[in-house]
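First the structure, in the form of structure tokens, and then the observations on it.
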Amino acid sequence: MNGFFAVLGRDLAIARREGGEALLAVIFFILGTVLFPLGVGPDPQLLAAVAAGLIWVMALLATLLALDRLFQADWRDGALELMAISPESLTVIVAAKCLAHWLLTGLPMAVAAPLMALLLNLPPDGWLTLVAALLLGGPALSLIGAVCAALLVGARRGGVLMTLLALPLYIPTLIFGAGAVEAAVGGFDASAHLALLGATTLAAMALCPWAAAAALRHAME
Amino acid sequence: MADATATANPSGGFWHRLANPARFQRLAGWLTPWLAAAAVGLFAAGLYFGLYASPIDYQQKDNVRIMYVHVPAAWLAMMSYSTLAIAGFVLLVWRHPLADVAGVAAAPVGAAFTFLALVTGAIWGQPTWGTWWVWDARLTSVLILFFLFLGYIALRNAFDEPERAAKAAAILGLVGAVNLPIIKFSVDWWNTLHQPASVTRLGTPAIDPAMLRPLMLMAGAYMCLFTVLVLVRMRLELTRRRIDALQSARAGAIE
């Protein structure tokens with residue numbers, strides 16, 4: 001587990017030293033969400049109806065934004081090969097990088113979400129569920145994205161392809177996440193949606209680091 | 001070592017022998033015309049029974065005939081993706097050289113069948129449901145399947161080294177296979193507009209034999225068509241690789 005915390009600390013330190021770049025995803029999330037009332041009009045009823053879905057879609061897109069760099073930079077400067085030949089299992093290293101990615105994108109977005117909910121006039125009944133759903137589903141987004149990022153290491157036009165690979169795989173998370181908030185706003189029990197969202201994240205935790213590590217090993221062959 | 005395995009295990013030996021591209025080319029070349037003829041015959045019979053010699057539905061009238069084009073297309077879409085996933089698995093585990101070729105060959109064909117299922121579904125949905133498209137779980141998951149095919153094809157073309165492209169696509173094929181059970185059971189898990197399975201359920205199918213016959217004939221025809229297209233595309237891909245190899249060998253000799 002030492003390797004896990006070493007990689008986690010390293011990725012967080014790199015993000016801190018890069019300054020604002022790490023916060024790009026959350027800034028994109030906020031600015032993008034703010035654009036919608038300007039685009040579709042400030043009608044509170046309309047905004048309240050679409051708020052949950054909008055916030056979730058923006059969360060997916062913002063997660064995508066930072067995924068390019070998850071392995072690409074380390075692959076280019078050779079750090080990834082050193083990690084691969086280190087005694088620590090590559091799967092554990094990938095898991096650490098996913099956690100770092102989530103701490104830098106998913107967590108800030110979950111923290112910023114109530115503010116977005118306020119701006120989009122989401123009924124207060126849904127706020128807690130929105131944050132809970134983003135906290136539960138966020139790790140799945142980072143993990144599934146990591147598989148796609150690993151597949152695209154060294155690819156031409158990797159950034160464009162990331163959209164095509166990751167977004168279809170993100171759809172279940174989006175459906176359960178937005179569904180939980182809709183249920184809570186409608187006065188229903190959101191626990192079924194949240195349980196499915198948690199199941200998605202658990203399945204992603206079990207499978208994705210392994211798949212991403214396999215993809216990275218093939219990329220470095 | 002290879003010969004020892006071949007004699008000890010006849011079925012393993014068959015796959016082993018197929019790894020020789022020339023032998024596969026011969027076998028595929030022999031199979032293709034027979035399967036093509038079978039496809040033509042089954043299409044003729046299936047279309048005759050489907051469009052002419054089968055009863056109309058008491059609710060849907062003649063619209064039910066779209067089923068004979070739509071349902072087999074959807075089955076084949078799932079089967080094509082299963083082919084990609086199995087090919088990926090075989091490539092990663094046994095490194096069988098034909099697995100990668102099969103993936104290359106099956107992906108665009110599968111994408112075409114998925115597209116056909118979506119389009120015929122829309123055409124069927126218009127008169128029966130009153131809408132071209134609903135965001136129902138089955139429709140959405142098949143749409144995802146279509147995007148997965150596109151992603152697979154795009155990923156294959158994103159690398160300069162064919163080895164790397166093959167492995168990346170194989171892993172994506174396996175990851176995307178998660179969607180298959182979601183498609184299959186979406187109509188049971190989410191009670192939405194699309195009807196649940198009426199043919200592939202335990203016990204007797206909930207469909208009249210007179211309608212089942214053309215459906216099964218069409219399914220057989222689609223299956224033969226799929227196999228023919230994949231075999232032809234595999235032979236094409238193997239020939240293309242052979243030409244590439246010969247050209248680079250000649251380029252090396254000139255230098």
Side-chain angles (χ1 to χ4, degrees), chain A residues 53 64 68 71-72 75 94 140 143-176 178-179 182 192-193 195-196 199-200 202-204 206-221, chain B residues 81 84-85 88-89 91-93 95 100 103 107 111 114 118 135-183 185-186 189-192:
Chain A
L64 217 56
D68 274 17
F71 300 117
Q72 196 78 14
W75 177 71
V94 168
L143 286 159
I144 297 169
V147 178
C148 304
L151 286 174
L152 287 171
V153 162
R156 286 179 265 126
R157 307 182 304 270
V160 188
L161 268 176
M162 182 69 81
T163 323
L164 188 57
L165 295 194
L167 285 183
L169 298 173
Y170 277 172
I171 290 174
T173 321
L174 168 69
I175 291 173
F176 300 139
E182 296 286 350
H193 291 280
L196 282 168
T200 312
L202 286 177
L207 298 173
C208 290
W210 180 81
L216 286 179
R217 243 177 250 121
H218 289 307
M220 289 180 290
E221 253 175 22
Chain B
Y81 202 86
L84 291 193
F89 185 78
L91 178 75
L92 293 176
V93 176
R95 303 183 179 236
D100 170 45
T114 315
L118 287 168
W135 289 99
D136 147 290
R138 173 62 67 89
L139 275 68
T140 311
S141 49
V142 175
L143 186 65
I144 299 176
L145 185 69
F146 183 62
F147 289 135
L148 285 175
F149 274 117
L150 295 189
Y152 185 96
I153 296 168
L155 188 62
R156 282 228 53 121
N157 293 319
F159 296 97
D160 293 323
E161 316 86 24
E163 273 280 295
R164 171 96 177 83
K167 299 247 169 77
I171 293 175
L172 181 68
L174 282 175
V175 171
V178 173
N179 191 34
L180 290 179
I182 297 181
I183 296 179
F185 296 111
S186 57
W189 292 343
W190 293 281
N191 194 2
T192 46

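- Contact tally against chain B (heavy-atom pairs below 4.5 Å) for Leu165(A), Thr163(A), Val147(A): the top residue is Leu165(A).
- Within the 4.5 angstrom heavy-atom criterion, no atom of Leu143(B) approaches chain A.
- Every residue two or more places apart in sequence or in another chain that forms a salt bridge (Lys or Arg N to Asp or Glu O under 4.0 Å) with Arg156(A) is listed here: Asp160(B).
- Both the backbone and the side chain of Val153(A) come within less than 4.5 Å of a heavy atom in chain B.
- Of the listed residues (Phe147(B), Tyr152(B), Phe159(B)), the one with the most heavy-atom contacts under 4.5 Å to chain A is Phe159(B).
- Across all their heavy atoms, Arg164(B) and Ala215(A) have their closest contact at NH1-O, 4.3 Å.
- For the side chain to side chain contact (heavy atoms under 4.5 Å, CB included) with Leu169(A), the lone residue among Leu148(B), Asn179(B), Val178(B) that qualifies is Leu148(B).
- For the pair Leu152(A)/Leu155(B), a side-chain contact is recorded, criterion being any heavy-atom separation below 4.5 Å from C-beta on.
- Here Leu164(A) contributes atom CG and Leu172(B) contributes atom CG; the two are 9.0 Å apart, rounded to the nearest 0.5 Å.
- Rounding to the nearest 0.5 Å places CG of Leu150(B) at 11.0 Å from CG of Leu161(A).
- With a threshold of 4.5 angstrom between heavy atoms, Ala203(A) does not approach chain B through any atom at all.
- For the set Thr140(B), Leu92(B), Ile144(B), the entry with the most heavy-atom pairs within less than 4.5 Å of chain A is Ile144(B).
- Counting all heavy atoms, side chain and backbone alike, Ala211(A) lies closest to Val175(B) at CB-CG2, 4.3 Å.
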